[in-house]
Trainee: 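The structure is given below, and queries will be raised subsequently.
Reckoned from all heavy atoms, side chains included, excluding hydrogens, waters and symmetry mates.
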Amino acid sequence: MNPIEIIRKKRQGGKISKEELRFLFDGYLRGSIPEYQMAAFLMAVYFQKMDFEETNHLTEIMLHSGKVVDLSSIPGIKVDKHSTGGVGDKVSLILAPMVAACGVPVPMISGRGLGHTGGTLDKLESIPGFNTRLTLEEYTAVIRDIGVVMIGQTSEIAPADKRLYALRDVTGTVESIPLISGSIMSKKLAEGIDALVLDIKTGRGAFMQTERDAEQLARTLIAVGVRSGKKTIGLITDMNQPLGYAIGNWLEVRECIDCLRGADVPDLMEVTYALGGLMVYTGGKASSIGEGIRLSRQAVKDGLAWKKFCDLVRRQGGMVDMVEHPERYPSSRYVGEVRSPTSGYVSSIDSLELGFTGIALGAGRMKVDEEIEPKAGIVLKKKIGDKVRSGEVLAVFYTDRENVIHQVAPRIESSYVIRKNRVVPPRMIHSMVDARGRHGWRVKGK
C-alpha cells in the first residue's frame, strides 16, 4: 500500500479500510511513514471525517498497538471518567479521590494540555515530586493499595495514540470527532476499566462548541465503549465560561485543595458531584444516581475525599506538605490585576481567549516540547451573572514572562462582556447521554 494514495483517498471523501489504517499506523510507529504524511492524513480526516466503522477500526488499531491492562484481580467495579477538555477543567483532581473514598476503584490515565485546554497531568505535576510516569506494575499496585491512581500514558499503553496526540495538538486537528473518539477510547479501554463516565464539554471554551457536535461525540464514544463491553454513560456540560475561578496548573490544584476541604465553588462542584454520582452508581456503591451524588457530597463533608487525595499524592511521590500548606508554594515574579472599565453585570466570558491567554502567560504549550510554567495562569474574580463596579478587579494574572505583561491585561479585559441588565448564570449540566440516547438531567434524592 502507498501512504500517498491513502491520504488522497481520504482527502476525496473515501472510506479507509482497517488494513489501510493498520498499514498507515504501523508505518508511522516504525518510522517508515514520516510525520508530515501522518499530519496530512489527520488534516484529511479533519475535513472529510470518518464513519462509525472507520472510527471503531481506528480505536482498535490504537488500542492494540500496545498492552491492555488486566485489573480483574482487584475487587470491585473499576470506573474511570474522561473529560473532552475545557478551560479551567480541574474536575478529575477532586473527582477521583472523592469517588475512591466512596469505595469505587478509580484507575485514571490522563493526558497533557491540548490546544487551549489544560491537562490533568500538567496539573498533577505542578505538585512537587508527583510522579505520573509509573510503570504498569506500579500503576496496578497503587490502585490495589489505595483504590485510586492517576498517571500518564505509558509507552505500553496505546503508543500509536501517544504519538498522534502530540501531533494533533500542533497541526490544528484536535477538534475532530473520529480522532477524539479514537484517542479517548483507545486509552480508556487499555487501562483495565469496567465502566466509563464521560464529561462532554460544549460551548465557547470546548472543542465541541455546539450541542449538536457534543451530542454526536457523546454518542460515538458511548457506541465504541458499549461495543467493547464497557458500560459507558456521559453528561453534556457547559463550557461557555471557565470552570471554577482558576486557570493554570498550580492555581487549579490550589482551587481543588480548597474544594476538597469544603469550599463551595458552585459551577465546579455541581459538575463534580454529578459525575461522582454517576461513577458511584455505575460502580455499584449506590442504588441510584441521586444516592451516588449524596454519597459523594458526604465524602467531601466528612474529609474522606481530602484524606484520599493526600494518600494519592503521598503514594505517587508528591510533597504532601505542599498540598497541606499551599501558601508555601513559590510565587510568580509578576502579578497583575485587570479592572473593569464599566459597571453592570458580567454577561459572557470568552473561555477560548482566556485559554490562549493562559498559554501566553506560560500555563500551556504551543509546541510539543515547550516547557510549562506551573505557577502561571489567571484567577477570575467575576463570573457570568456577577455584579461589577467600574474599577473593580475582574481577574488577576500570574507569570514569570515580563515580555507578555503588556498584551495580557487587554486580552483578559476584552474577554469580558458587561451589560447593564442582570444576567442568569448558564445551566451547567445540559443533558445525560447513554446507549439509549439523550435524556434530560433531573435527578431525585440529591
Side-chain angles (χ1 to χ4, degrees), residues 58-72 74 76-85 89-100 104-114 117-125 127 130-166 168-169 179-199 221 224-225 228 230-232 234 249 275 279 282-283 308-309 312-313 315-318:
L58 175 69
T59 305
E60 287 183 12
I61 288 167
M62 292 201 293
L63 169 64
H64 294 294
S65 66
K67 291 184 178 179
V68 178
V69 181
D70 181 4
L71 296 180
S72 59
I74 296 173
I77 300 171
K78 276 69 72 177
V79 186
D80 190 11
K81 161 262 181 187
H82 183 85
S83 168
T84 55
D89 180 10
K90 71 277 294 178
V91 167
S92 291
L93 277 69
I94 307 169
L95 181 68
M98 181 182 77
V99 172
V104 177
V106 183
M108 189 174 284
I109 295 179
S110 302
R112 301 197 178 278
L114 198 61
T117 68
T120 298
L121 292 186
D122 300 319
K123 302 181 208 306
L124 288 170
E125 289 177 356
I127 302 171
F130 196 103
N131 182 15
T132 64
R133 303 174 186 270
L134 304 184
T135 65
L136 291 183
E137 291 74 20
E138 291 169 330
Y139 164 85
T140 304
V142 173
I143 192 166
R144 179 179 289 113
D145 291 348
I146 64 172
V148 58
V149 61
M150 300 178 76
I151 68 166
Q153 194 171 356
T154 72
S155 58
E156 305 141 294
I157 294 288
D161 170 68
K162 189 173 186 179
R163 289 276 304 276
L164 218 61
Y165 193 88
R168 287 168 55 216
D169 192 17
L179 297 177
I180 292 173
S181 300
S183 176
I184 292 171
M185 298 309 294
S186 61
K187 290 193 289 284
K188 295 304 176 184
L189 295 173
E191 66 184 8
I193 58 171
D194 301 306
L196 177 64
V197 171
L198 300 164
D199 181 6
L221 292 169
V224 172
S228 302
K230 311 297 181 185
K231 185 171 183 180
T232 311
N249 299 294
L275 292 166
M279 290 180 72
T282 305
K308 187 66 71 173
F309 178 75
L312 175 68
V313 172
R315 187 66 174 77
Q316 292 192 219

Trainee: Is there a donor-acceptor pair under 3.5 Å between the side chain of Ser65 and the backbone N or O of Ala160?
Mentor: yes
Trainee: Considering all heavy atoms of both residues, which atom of Gly182 and which atom of Thr59 are nearest to each other, and what is their separation?
Mentor: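 Looking at all heavy atoms of both residues, the closest pair is CA-OG1, 3.4 Å.
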Trainee: Judged by atom type as modelled, is there a donor-acceptor pair below 3.5 Å linking the side chain of Asp161 to the main-chain atoms of Arg163?
Mentor: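 Side chain of Asp161 to backbone of Arg163: no pair is present.
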Trainee: Restricting to salt bridge (Lys or Arg N to Asp or Glu O under 4.0 Å), what partner residues turn up for Lys81, sequence neighbours left out?
Mentor: none
Trainee: Short question: side chain of Lys188, backbone of Ile109 - any donor-acceptor pair under 3.5 Å?
Mentor: yes
Trainee: Evaluate the criterion side-chain contact (heavy atoms from CB on, under 4.5 Å) for residue pair Leu196 and Lys231; output intermediate values, then yes/no.
Mentor: CA-CA 6 Å; Leu196 177 64; Lys231 185 171 183 180; over 6 Å; no
Trainee: Can you check whether Phe130 reaches Leu312 side chain to side chain, under 4.5 Å on heavy atoms?
Mentor: yes
Trainee: What is the distance from atom CG of Leu189 to atom NZ of Lys230, rounded to the nearest 0.5 Å?
Mentor: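 Rounded to the nearest 0.5 Å, the CG-NZ separation comes to 6.5 Å.
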Trainee: Not counting sequence neighbours, which residues clear salt bridge (Lys or Arg N to Asp or Glu O under 4.0 Å) with Lys123? List them please.
Mentor: Glu252
Trainee: For Leu221 and Ser181, work out which heavy atoms get closest and say how close.
Mentor: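 What the structure gives for the nearest pair is CD2-CA, 3.5 Å.
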Trainee: Answer whether the closest heavy-atom distance between the side chains of Tyr139 and Leu71 falls below 4.5 Å.
Mentor: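 Of all side-chain heavy-atom pairs linking Leu71 with Tyr139, at least one is under 4.5 Å.
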Trainee: Can you find a heavy atom in the side chain of Val79 that is under 4.5 Å from one in the side chain of Val99?
Mentor: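 A side-chain contact under 4.5 Å is absent here.
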Trainee: For Glu191, check side-chain hydrogen bond (donor to acceptor under 3.5 Å, both in side chains) against everything at least two apart and list the hits.
Mentor: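 Result, side-chain hydrogen bond (donor to acceptor under 3.5 Å, both in side chains) vs Glu191: none returned.
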Trainee: Just so I know, are the side chains of Asn249 and Leu124 near enough to count as touching, which here means a heavy-atom distance under 4.5 Å?
Mentor: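 Not touching, per the 4.5 Å side-chain cut-off.
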Trainee: What are the two closest non-hydrogen atoms of Ala100 and Lys308, and how far apart are they?
Mentor: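 Closest approach of Ala100 to Lys308, heavy atoms only: CB-CG, 4.0 Å.
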Trainee: So, using side-chain hydrogen bond (donor to acceptor under 3.5 Å, both in side chains) as the criterion, who are the partners of Thr132 when residues are at least two apart?
Mentor: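 In terms of side-chain hydrogen bond (donor to acceptor under 3.5 Å, both in side chains), with neighbours along the sequence ignored, Thr132 is linked to Glu125.
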Trainee: So, using side-chain hydrogen bond (donor to acceptor under 3.5 Å, both in side chains) as the criterion, who are the partners of Thr282 when residues are at least two apart?
Mentor: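 side-chain hydrogen bond (donor to acceptor under 3.5 Å, both in side chains) list for Thr282, sorted by chain: empty.
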Trainee: How long is the span from the OG atom in Ser92 to the CE atom in Met108, to the nearest 0.5 Å?
Mentor: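 The OG atom of Ser92 sits 4.0 Å away from the CE atom of Met108.
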Trainee: How many angstroms lie between atom CD1 of Ile143 and atom OG1 of Thr140, to the nearest 0.5 angstrom?
Mentor: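 If I round to the nearest 0.5 Å, the distance is 8.5 Å.
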Trainee: Taking only residues two or more places apart in sequence, or in another chain, which ones meet Arg315 in a side-chain hydrogen bond (donor to acceptor under 3.5 Å, both in side chains)?
Mentor: Asp145
Trainee: For Ser183 and Ile180, indicate whether the former's side chain and the latter's backbone hold a donor-acceptor pair under 3.5 Å.
Mentor: no
Trainee: Within the structure provided, determine whether Pro105 and Val148 are in side-chain contact (heavy-atom separation under 4.5 Å).
Mentor: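 Answer no - side chains too far apart.
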Trainee: Using atom types as modelled and distance alone, determine if a side-chain donor or acceptor of Gln153 lies under 3.5 Å from a backbone N or O of Lys187.
Mentor: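 Judged by distance alone, no pair lies under 3.5 Å.
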Trainee: Not counting sequence neighbours, which residues clear side chain to side chain contact (heavy atoms under 4.5 Å, CB included) with Leu134? List them please.
Mentor: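 Applying side chain to side chain contact (heavy atoms under 4.5 Å, CB included) to Leu134 gives Asn131, Glu138, Val142, Val149, Ile151, Gln316.
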Trainee: Working to the nearest 0.5 Å, report the span between CG of Leu198 and NE2 of His82.
Mentor: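 Output value for this atom pair is 7.5 Å.
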Trainee: Hey, does Arg133 have a side-chain heavy atom less than 4.5 Å from the side chain of Thr154?
Mentor: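 SC-SC contact between Thr154 and Arg133 ruled out.
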Trainee: Can you give me the closest heavy-atom contact between Lys78 and Ser72, atom names plus distance?
Mentor: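 Scanning both residues completely, I find the closest heavy atoms to be NZ-CA, 4.4 Å.
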Trainee: Ala190: which residues meet the side chain to side chain contact (heavy atoms under 4.5 Å, CB included) condition with it, sequence neighbours left out?
Mentor: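 In terms of side chain to side chain contact (heavy atoms under 4.5 Å, CB included), with neighbours along the sequence ignored, Ala190 is linked to Leu63, Ile157.
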Trainee: For Glu156, enumerate each residue passing the salt bridge (Lys or Arg N to Asp or Glu O under 4.0 Å) test, keeping only those at least two apart in sequence or located in another chain.
Mentor: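 Here the qualifying residues are Lys67.
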Trainee: Calculate, to the nearest 0.5 Å, the distance between atoms OG and CG belonging to Ser186 and Leu58 respectively.
Mentor: 7.5 Å
Trainee: Could you state the interatomic distance from CE (Met279) to CG (Asp80), rounded to the nearest 0.5 Å?
Mentor: 6.0 Å
Trainee: Checking Asp199 now: which residues fulfil salt bridge (Lys or Arg N to Asp or Glu O under 4.0 Å) with it, not counting sequence neighbours?
Mentor: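 In terms of salt bridge (Lys or Arg N to Asp or Glu O under 4.0 Å), with neighbours along the sequence ignored, Asp199 is linked to Lys201.
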